[in-house]
Asker: 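The structure is given below, and queries will be raised subsequently.
Heavy-atom basis, side chains included; hydrogens, waters and symmetry copies ignored.
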Amino acid sequence: MQQIGMMLHLSYVYSPHKMCIMKTTRMFLLSILSVLLVMSSFSSCVFFFWHHDDDIKSVGYQLDLSFQDASGKDLVSGIGVEMMPAYGSSEPVETNYVRSDLYELKVVASKACEDVLAATPRNYIPSGRNLGLNSVDGYTFLTTHHYYMADKCPDERVLTYKLKCPYVFGNHVVREVVTYWEIPKMRDGGVSAICKRITFEGEEITPIASQDGYTYKAVIVLEGIGNQ
């Protein structure tokens with residue numbers, strides 16, 4: 001501060017345009033101080049939101065479903081996917097997400113959880129209703145990564161996936177996949193639910209855990225329906 005004061009004093013004494021220079025110098029210093037204050041405020045906000053996000057806990061439900069006919073034909077393979085421009089290019093490329101106009105998916109939890117979500121202005125289930133694609137052992141799986149915030153729905157053990165997909169099912173009927181989960185003890189950042197059992201139209205299906213232990217796969221055999 002002493003050095004800044006000396007600069008202002010010297011400018012005032014020796015400059016032929018001392019008043020103009022002094023005014024310009026003050027404006028410059030004020031600009032610098034304003035930038036520093038903004039940066040300080042921004043850093044504080046980043047610090048707050050970063051640590052705030054660290055406190056958020058969620059329960060994740062990751063399920064991959066393969067639909068096959070009685071002969072083992074893959075009924076998902078060939079389904080249309082979303083197109084997006086490639087990085088650094090305007091040319092569209094295929095993604096790993098099913099075209100949104102080809103299906104409707106609704107994941108239903110308990111009434112208590114649904115009531116809490118309905119009364120909450122914020123959407124706490126981002127991307128949970130998107131269908132992705134994953135190829136395993138020559139079969140194409142429909143993937144869903146669904147989660148609930150632990151402060152809203154911490155213990156959802158039964159989820160019903162209501163799916164309408166004419167490409168797979170051959171009609172516009174909504175089919176239901178009921179899943180049963182175990183919720184591990186909560187950790188920092190959240191946990192991944194463990195899928196214990198799946199039912200589809202009265203049939204019991206055993207889910208298989210992936211190597212990472214987070215995703216559960218199941219094969220559903222459809223009788224007499226599917227794509228052509």
Asker: K185 versus V191: any side-chain heavy-atom pair under 4.5 Å?
Answerer: no

Asker: So, does Y61 use its side chain to make a donor-acceptor pair with the main chain of T144 at under 3.5 Å?
Answerer: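 No, the answer is negative, given that no donor and acceptor are paired below the 3.5 Å cut-off.
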
Asker: Please tell me if the side chains of N130 and Y103 come closer than 4.5 Å, counting only heavy atoms from C-beta onward.
Answerer: yes

Asker: Out of curiosity, N171 CG to K164 NZ, how far, rounded to the nearest 0.5 Å?
Answerer: 10.0 Å

Asker: Do the side chain of T95 and the main chain of E82 share a donor and acceptor less than 3.5 angstrom apart?
Answerer: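 Between the backbone of E82 and the side chain of T95 there is a qualifying donor-acceptor contact (under 3.5 Å).
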
Asker: With distance as the sole test, does E176 use its side chain to make a donor-acceptor pair with the main-chain N or O of K162 at under 3.5 Å?
Answerer: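 Not confirmed, E176 side chain does not pair with K162 backbone.
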
Asker: For the pair Y148 (side chain) and E156 (backbone), establish whether a donor and an acceptor sit closer than 3.5 Å, ignoring hydrogens and angles.
Answerer: no

Asker: Which residue pairs pass the salt bridge (charged side-chain N to carboxylate O under 4.0 Å, His left out) test when at least one of the two sits in residues 211-220, sequence neighbours left out?
Answerer: D64-K217

Asker: Give a yes or no answer on whether the side chain of Y167 reaches the backbone of S77 with a donor-acceptor pair at less than 3.5 Å.
Answerer: yes

Asker: Does T215 offer a backbone N or O that forms a donor-acceptor pair with the side chain of S210 under 3.5 Å?
Answerer: yes

Asker: On a heavy-atom basis, which atom in A70 and which in E223 lie closest, and how many Å separate them?
Answerer: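 Here A70 and E223 meet closest at CB-OE1, 3.7 Å.
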
Asker: So which of V81, V76, L142 actually passes side chain to side chain contact (heavy atoms under 4.5 Å, CB included) with V98?
Answerer: L142

Asker: Angle class for the Y161/H146 ring planes (parallel below 30°, perpendicular above 60°, tilted otherwise)?
Answerer: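 Correct class here is perpendicular.
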
